Enquirer: 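First the structure, which I've put down as structure tokens, then a few questions once you've had a look.
In what follows, every chain begins at residue 1, and chains take the letters A, B, ... in the order their sequences are listed. Remember, it's a predicted structure, so these values are computed and weren't measured experimentally.
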There are 2 protein chains.
Amino acid sequence: MVPKKEIATHKLTIYDVAREANVGVGTVSRVLNNHPSVTPQTRQRVLDVAARLNYQPHTYAQRLAKRQSETISAIIPFFTNYFFIEILQGVQDRISQLGYDLVLYGVNNLDQVEGYVSRALQRGRVDGILLFSMKLPEKVILRLKETNVPVVLVDTISPYFDSISVANFDGAYAATTHLIELGRLPVGMVNAPLVSTPAVERLQGYKHALETHGVEYSDDLVKTGYSTKQDGFNREAGYEAMVDFIKMGENMPKAFFISSDIQAMGAIAALSENELRVPDDIAIVGFDDIELARHLKLTTMRQPMYQMGILAVDRVVTRMSNTNLEILHTTFSPTLIVRESCGALRNSDGTREPSPRVTPSSEGSLR
Amino acid sequence: MVPKKEIATHKLTIYDVAREANVGVGTVSRVLNNHPSVTPQTRQRVLDVAARLNYQPHTYAQRLAKRQSETISAIIPFFTNYFFIEILQGVQDRISQLGYDLVLYGVNNLDQVEGYVSRALQRGRVDGILLFSMKLPEKVILRLKETNVPVVLVDTISPYFDSISVANFDGAYAATTHLIELGRLPVGMVNAPLVSTPAVERLQGYKHALETHGVEYSDDLVKTGYSTKQDGFNREAGYEAMVDFIKMGENMPKAFFISSDIQAMGAIAALSENELRVPDDIAIVGFDDIELARHLKLTTMRQPMYQMGILAVDRVVTRMSNTNLEILHTTFSPTLIVRESCGALRNSDGTREPSPRVTPSSEGSLR
DNA sequence: ATGAAAGCGCTAACAT
DNA sequence: ATGTTAGCGCTTTCAT
């Protein structure tokens with residue numbers, strides 16, 4: 001019998017494969033699902049037939065019968081925030097590696113969250129949910145909780161769910177300390193409004209650094225912009241805050257810890273419009289290490305975004321198989337990446353002034 | 001009978017609703033699918049019961065029975081390219097509006113494309129595929145073609161599929177013309193290697209502009225970087241190309257059309273490292289209008305990315321219901337956005353030098 | 001180890 | 001207009 005290669009016609013089911021291989025559908029299913037109790041011979045025969053017929057299981061029939069969706073959905077703020085996009089890469093890569101599907105819900109407006117959560121929660125639709133950095137309405141939390149679908153939070157924290165985040169306090173502390181040790185006093189801070197946890201924690205870390213090093217704190221050392229989108233972590237807000245600082249004239253701080261790279265970008269723009277040079281006149285350390293930071297030669301606290309994405313997926317997958325795990329909060333320590341904006345580098349060939357506590361930069365090591 | 005609110009327990013099917021409402025499952029299904037032939041009274045009764053029981057249809061059972069997936073997948077280059085991210089926003093928004101699911105496949109490496117295509121092509125998995133800007137191996141094209149799943153290409157073109165793209169030739173022509181009319185001669189071009197269609201077309205547009213305006217062309221007016229990731233549309237490549245130009249010394253062009261904003265960013269960095277000021281010494285016009293362009297005050301050719309995303313979705317959806325449509329190529333005309341890098345603006349308050357053919361900038365009008 | 005049969009939860013064709 | 005029933009294509013007992 002000449003094994004003729006069939007064209008992948010429309011409806012080719014497990015029954016066709018079974019008939020062609022002279023076995024029952026059960027066996028075919030077992031083979032396809034790597035069930036142990038199939039003899040190597042039949043297994044091979046079935047596999048051959050399946051290949052010859054170019055058989056493909058129907059995704060949704062499988063999902064229905066198995067009662068699991070093999071998909072994870074990510075609900076992520078989408079107002080072009082590079083920070084999330086980089087995490088998303090890790091998420092996507094890992095999800096694919098594991099053979100799951102990623103269904104993406106992009107939130108442009110907080111009102112959308114509830115709708116997306118409802119959708120994700122629809123019977124059987126997803127096996128797990130990744131929720132990025134959003135303060136959830138109580139109502140939503142309740143729904144999430146009662147449905148029992150695994151949820152992991154990224155870049156936020158809540159007592160009810162697993163979370164992956166970064167040690168904001170430590171990061172702010174390290175950044176500020178770096179500036180202090182460089183002798184760039186006084187060091188101010190550009191922060192986001194205290195509506196988000198990261199903003200609060202970073203402020204505390206900043207203050208603690210001042211305290212520890214015997215530097216006096218004063219309220220006009222910290223400013224926030226007015227633009228509130230993205231919780232104030234946006235370029236305009238950074239610009240606005242720096243403009244305010246510049247109005248202080250002589251009394252303006254000589255260095256700044258800025259709570260996100262994107263705000264730092266705005267701040268630097270404000271500085272340069274006022275003929276203030278970075279790092280000559282003003283030293284700056286940012287937070288996040290988005291790709292842009294490299295372009296701007298910005299010294300910053302790196303959040304391992306890609307890794308965070310990977311981990312978030314791993315965690316949600318773990319929770320899928322083990323219900324009733326303890327709630328786990330994973331925290332990454334940000335790393336100080338020294339580039340030019342802080343003035344620690346003597347010159348562009350990379351020579352660095354001696355400076356304790358500085359973790360060496362390691363460009364591009366993540367990917 | 002007291003209508004007691006049930007907790008959404010695990011398995012609540014259409015049968016439960018039917019029983020509780022004293023109708024058959026068919027009727028329930030009809031109600032849920034807005035089938036006309038149901039009396040308003042029964043409809044209401046069913047709806048009430050469904051609501052009280054907090055019934056949710058099982059996604060995959062529906063998809064299996066209906067034989068359609070209500071999902072669209074997007075296969076998109078994922079090496080942090082802001083251009084695609086902005087299109088993706090349009091895609092995501094529209095897909096959600098239409099009640100579909102977006103499953104995202106991010107390609108970091110061209111080798112992954114085939115795997116993702118196979119996955120998307122799996123029986124029943126998706127109703128349509130959006131393919132972003134990738135030169136597809138012949139083999140992949142064939143598979144896509146024979147399965148008959150609607151495909152639309154974004155930012156590339158192929159005779160076999162619908163596509164959404166931008167008039168590269170026209171854009172390059174307009175950008176170059178703008179520079180010529182500003183009198184910034186000679187005007188050079190930073191291009192990407194001619195492996196991608198956009199690079200080829202933009203070069204042609206550039207040359208045509210020179211020709212039309214009686215400016216002589218010469219090969220050393222156009223350079224390309226060495227970094228090849230993202231087909232050469234990356235920051236490093238822009239930097240490298242500009243470094244090469246700078247080596248020309250006095251003979252270096254006084255203005256550049258640069259084939260993407262991200263390259264322009266690198267080019268500007270190279271310039272500033274060499275004490276060359278933009279736009280005072282060198283005028284620049286980019287291409288794309290990614291969010292960054294605004295930050296850089298870059299004059300550029302805007303591609304309506306968000307709109308392109310919307311349109312791509314609409315097209316693929318249209319094709320789902322109407323098989324055998326003619327293949328359609330939709331082309332957007334890019335718009336010149338005048339900011340500061342071309343030197344056309346006299347001062348920062350927005351006063352503009354008279355300059356024909358300039359479409360007025362309209363920041364942020366898209367969203 | 002394998003086949004037969006009973007679901008999985010829904011839709012749609014067919015009666016009435 | 002509505003109830004009944006036969007699929008949709010697969011997995012998973014339950015026999016053997």
Side-chain angles (χ1 to χ4, degrees), chain A residues 8-47 49-50 53-71 99 101 121-127, chain B residues 8-47 49-50 53-71 99 101 121-127:
Chain A
T9 132
H10 250 315
K11 28 208 67 188
L12 180 62
T13 78
I14 205 172
Y15 283 88
D16 300 308
V17 178
R19 182 176 0 90
E20 204 71 11
N22 288 312
V23 294
V25 292
T27 301
V28 176
S29 176
R30 279 174 212 119
V31 171
L32 266 25
N33 290 285
N34 281 93
H35 188 101
S37 55
V38 180
T39 38
Q41 299 86 55
T42 36
R43 164 179 303 285
Q44 196 49 58
R45 187 151 38 94
V46 170
L47 254 20
V49 173
L53 262 34
N54 189 213
Y55 166 78
Q56 299 200 304
H58 186 111
T59 318
Y60 301 118
Q62 285 182 306
R63 292 182 182 179
L64 176 59
K66 284 207 193 131
R67 258 142 298 182
Q68 57 153 2
S69 69
E70 290 177 329
T71 110
D101 269 352
L121 250 25
Q122 177 148 162
R123 279 286 316 275
R125 188 185 291 270
V126 304
D127 292 338
Chain B
T9 135
H10 251 314
K11 30 206 68 189
L12 181 61
T13 78
I14 205 173
Y15 284 88
D16 300 308
V17 178
R19 181 174 4 87
E20 201 75 9
N22 288 312
V23 295
V25 292
T27 302
V28 177
S29 177
R30 277 174 213 119
V31 170
L32 266 24
N33 290 285
N34 281 94
H35 188 102
S37 55
V38 180
T39 37
Q41 299 85 56
T42 37
R43 163 179 304 283
Q44 196 49 55
R45 186 150 38 93
V46 170
L47 254 21
V49 172
L53 262 34
N54 189 215
Y55 165 77
Q56 298 201 308
H58 186 111
T59 317
Y60 301 118
Q62 286 182 306
R63 292 183 182 178
L64 176 59
K66 283 206 195 134
R67 257 144 298 184
Q68 59 153 6
S69 68
E70 291 177 330
T71 110
D101 270 352
L121 251 25
Q122 174 148 165
R123 280 284 318 275
R125 189 187 290 269
V126 304
D127 292 338

Enquirer: Can you see if the side chain of A:Y15 gets near the phosphate of D:dC8 - specifically, an N or O under 4.0 Å from OP1 or OP2?
Expert: no

Enquirer: Heavy atoms under 4.0 Å, any strand shown: does A:N22 hit a base, just sugar-phosphate, or nothing?
Expert: sugar-phosphate

Enquirer: Atom NE2 of A:H35 to atom P of D:dT12: distance rounded to whole Å?
Expert: 9 Å

Enquirer: CG of B:L64 versus P of C:dG7: gap in Å, rounded?
Expert: 17 Å

Enquirer: What is the distance, rounded to the nearest whole Å, between atom CD1 of B:I14 and atom P of C:dC10?
Expert: 5 Å

Enquirer: How many angstroms lie between CD in A:Q122 and OH in B:Y60, if you round to the nearest 0.5 Å?
Expert: 9.5 Å

Enquirer: What integer distance in Å separates B:N34:CG from C:dT11:C1'?
Expert: 14 Å

Enquirer: Mind calculating the distance between CD (B:Q122) and C1' (D:dG9) to the nearest angstrom?
Expert: 12 Å

Enquirer: Taking atom P of D:dC10 as reference, at what distance in whole Å does atom CZ of B:R67 sit?
Expert: 13 Å

Enquirer: How long is the line joining OH of A:Y60 and P of C:dT11, in whole Å?
Expert: 15 Å

Enquirer: Please determine whether a side-chain nitrogen of the Lys or Arg among B:D16 and B:K11 lies less than 4.0 Å from a carboxylate oxygen of the Asp or Glu.
Expert: no

Enquirer: Would one find a side-chain N or O of A:R63 under 4.0 angstrom from OP1 or OP2 of C:dC8?
Expert: no

Enquirer: Begin with the C-alpha distance, continue with both residues' side-chain angles, and end with the deciding distance and a verdict on side chain to side chain contact (heavy atoms under 4.5 Å, CB included) for B:H58 and B:T13.
Expert: CA-CA 8 Å; B:H58 186 111; B:T13 78; over 6 Å; no

Enquirer: Specify the residue among A:T39 and B:L32 whose closest nucleotide of DNA chain C lies further upstream toward the 5′ end.
Expert: A:T39

Enquirer: C:dT11, OP1 or OP2 - any side-chain N/O from B:Q62 closer than 4.0 Å?
Expert: yes

Enquirer: With a 4.5 Å limit on heavy-atom distance, are the side chains of A:N33 and A:K66 in contact?
Expert: yes

Enquirer: Closest approach to the side chain of B:A65, judged atom by atom: which nucleotide of D:dT2, C:dC8, D:dG7 is it?
Expert: D:dG7

Enquirer: With heavy atoms under 4.0 Å as the rule, sort B:T13 into base, sugar-phosphate or nothing.
Expert: sugar-phosphate

Enquirer: Take the protein atom CZ of A:R45 and the nucleotide atom P of C:dA1, then report the distance between them rounded to whole Å.
Expert: 15 Å

Enquirer: Any idea which of C:dT2, C:dC10, C:dG3 is nearest the A:T42 side chain?
Expert: C:dT2

Enquirer: Using the salt bridge (Lys or Arg N to Asp or Glu O under 4.0 Å) rule, take B:R63 and B:D101 through it: C-alpha gap first, then chi angles, then the decisive distance, then the call.
Expert: CA-CA 12 Å; B:R63 292 183 182 178; B:D101 270 352; 3.2 Å; yes

Enquirer: Nearest to the side chain of A:V23 - D:dT2, C:dC10, C:dG3?
Expert: C:dG3

Enquirer: With heavy atoms under 4.0 Å as the rule, sort B:V25 into base, sugar-phosphate or nothing.
Expert: base

Enquirer: On the nucleotide C:dC10, are OP1 or OP2 found under 4.0 Å from the side-chain N or O atoms that B:S29 carries?
Expert: no

Enquirer: Classify the side chain of B:R30 and the base of D:dG3 as holding, or not holding, a donor-acceptor pair under 3.5 Å.
Expert: yes

Enquirer: Does B:D127 offer a backbone N or O that forms a donor-acceptor pair with the side chain of B:S69 under 3.5 Å?
Expert: yes

Enquirer: Quick check for you: among D:dC10, C:dC10, D:dG9, whose closest atom lies nearest to any side-chain atom of B:H58?
Expert: C:dC10

